[in-house]
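First comes the structure, then the notes that go with it.
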Amino acid sequence: MDSINLGFFAPCPRGLEAVLADELKDLGASDIEATAGGVTFTGTLALCYRVNLQSRIASRILLRITEASYRDEHDVYDAAKAVRWQDWFTPQQTIKVKVSAHHCPLKSLEFVTLRVKDAVCDRFQYARNTRPVVDTHAPDILIAVFLDGTTCTLYLDTSGDPLFKRGWRKSAGEAPIRENLAAGILRLAKWVPETVLFDPMCGSGTFVIEAALMARRVAPGIGRRFAFEKLLSFEARTLSDLRTELKAVEIPAKPGLIHAADRSPQALTSIRANLSIAGSVDAVTLHQGDVLDLLAPAESGLLVMNPPYGHRMGNPDTLQAFYPRFGDQLKQHYCGWTAHIFTADLKLPGLLRLAPSRRVPLFNGAIECRLFEFRMVAGSPRKPRPQDQPPRDH
Ligand SMILES: C[S@@+](CC[C@H](N)C(=O)[O-])C[C@H]1O[C@@H](n2cnc3c(N)ncnc32)[C@H](O)[C@@H]1O
C-alpha cells in the first residue's frame, strides 16, 4: 500500500493556498495544484501521515476515493455505491457523511448526504451482509463529498479533528485566530527563526506559540491522534517511525527571539497557560503593557499582530483614536522593523497614516481580511491623508 500513489485535497483558510502549496512541496508532495480554498496533491500513505503531522497550514487532509460526473442524486448514489468501502473500513465502525458544494444544481444537499450514506451502507450490506451505523457527533469514519456543477468527488477524511487543533490551546482569550491561519501568516510574512518576532497584542498567544513551535522544529501534530489510524490501511510502524524521526530533529528554544505583550492581565494568564502546554515557556518573553507605551524589543525584527476590530471586539471610536497614535509609535520606535498587521478593517493604512508595502487578501472564516505589510525605514512613506485611495489588492 505504501508505494501506491494516492490523490489528496488539503483545505486551508482562503488566501493561504499558495503558501500551503509551498509547504506541501517542502514535505515531499507531488502534482501540487492550488485551487480556491485548498491544494490538491498526490503521494503515498506515508506522505499522508507526514503531512498530517507536519503541515502547519492545512485544515485537514482528505484522501480522494472516487470522482464522477453527475446530473442528479442517482448518479451520486451510483458513484458512492461503486466504491469498495470494505477495503477502507469495517461495518462495525461508525460513519458520517458531510456534503459541501459550489455551483451545485441539486436542490437539497441533505438529500445527497442521505443518498451517499445509503450507498455506503448498501455496499456493506452487499459485501458483508451488515450495515455501518451513523454517528454524526464522533464518527470513526468521515466521508466528505464535494459537488461542483458537474462532478462529485468523494473523500475519506484522514485527519479527524481539524489540524489547527494542535492540543496546546486550553485558554482561548478574546477572539483568538486559528493556529493554521497564524502559521500561514508567519509564512506569508517570510518569518524565519533568526529574526526577532514581536506580537504586542498577543491575546492567547497564537502567533508567538506557532512561531515558538516553528523555531523549536516541533511538528504541530506530534502529540495528537488522527482519523487515518482507524482505516484498515493504517500502518502503525510507519507512524511510529515518523514520530521518532520528528522528535529527533526538535531543538531547544532560543531565548530572546520571540516576544509577546498585551495590556490585559487575563491575556497574560491565558498565554502563560498555553505556552506551558506547548512546552514553550522558555521560547517567549512576555511583557504586560499598552502597545503605545512599549518600546521595540530589538533594533530590528518582525512585528505581527491582529488588533481588535469593530464588529468582533473594541469600540470603533476608541480604535479610530488609537490607530493614528499607533502609526506614530511605529514610525518613531520601530525603524528597521517590518510590521504585519492582520485585520478586517480595510481602512487600517489610512487610519495609521502609513502606506503599506503589501496587502494580501485573507479570510478569517467568512470575514474578509487583509494582511498589511509596513516596512518601517527612517522616513517611512506617510499617507497624505486617510480619506484616501481605495484599497488595491495584489
Ligand atoms: C484580537 S485580540 C488578539 C488575539 C490573538 N492574536 C490570539 O490569537 O489570541 C486583540 C488583543 O489586543 C489586546 N489589546 C487591545 N488594545 C491594546 C493595547 N492598546 N495595547 C496592548 N494590547 C491591547 C487585547 O487585550 C486583545 O488581547
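In listed order, ligands and their atoms are each counted from 1.
- Those atoms of ligand 1 that come under 4.0 Å of a heavy atom in S264, given as number and element, are 25 (O).
- Within ligand 1, the atoms closer than 4.0 Å to a non-hydrogen atom of F322 are 19 (N), numbered from 1 in the order shown.
- Near P200, meaning under 4.0 Å from any of its heavy atoms, are these atoms of ligand 1: 21 (C), 22 (N).
- For ligand 1, the atoms lying closer than 4.0 Å to a non-hydrogen atom of N306 are 1 (C), 2 (S), 3 (C), 4 (C), 5 (C), 6 (N), 10 (C).
- At least one donor-acceptor pair under 3.5 Å links the side chain of T269 to the backbone N or O of P265.
- The atoms of ligand 1 that sit less than 4.0 Å from any heavy atom of V291 are 18 (C), 19 (N), 20 (N), 21 (C).
- Heavy-atom proximity to A175, at under 4.0 Å, picks out these atoms of ligand 1: 1 (C), 4 (C).
- Side-chain heavy atoms closer than 4.5 Å link hydrophobic residues (I, L, V, M, F, W, Y) into clusters, and following such links, even through other members, never connects L53 to F9.
- No hydrogens or angles considered: a donor-acceptor pair under 3.5 Å links the side chains of S55 and E23.
- Contact annotation for A261 and ligand 1: no heavy atom of the residue comes within less than 4.0 Å of the ligand.
- Relative ring orientation between F198 and W337 is described as perpendicular, the plane-to-plane angle rising above 60° on a 0-90° scale split at 30° and 60°.
- Close contacts of ligand 1 with T206, meaning ligand atoms under 4.0 Å from a residue heavy atom, involve 7 (C), 8 (O), 9 (O).
- T158 and N52 share a side-chain donor-acceptor pair at under 3.5 Å.
- For ligand 1, the polar-atom distance check against P307 finds no nitrogen or oxygen pair separated by under 3.5 Å.
- Between D199 and ligand 1, no pair of N/O atoms sits closer than 3.5 Å.
- Within 6.0 Å of CZ in R178 there are 12 or fewer heavy atoms belonging to other residues, nucleotides or ligands.
- For ligand 1, the atoms closer than 4.0 angstrom to any heavy atom of S204 are 7 (C), 8 (O), 9 (O).
- Ligand 1 has no atom lying under 4.0 Å from any heavy atom of F326.
- Ligand 1 lies less than 4.0 angstrom from a heavy atom belonging to G289.
- If you check the side chains of N129 and Q125, you find a donor sitting under 3.5 Å from an acceptor.
- Ranked by closest heavy atom to atom 27 (O) of ligand 1, the top entry among I271, D262, D290, I209 is D262.
- Within a 6.0 Å radius of NZ in K96, more than 12 heavy atoms belonging to other residues, nucleotides or ligands are found.
- Annotation: ring pair (Phe, Tyr, Trp, His ring centres under 6.0 Å) contacts of F226 (sequence neighbours excluded): F228.
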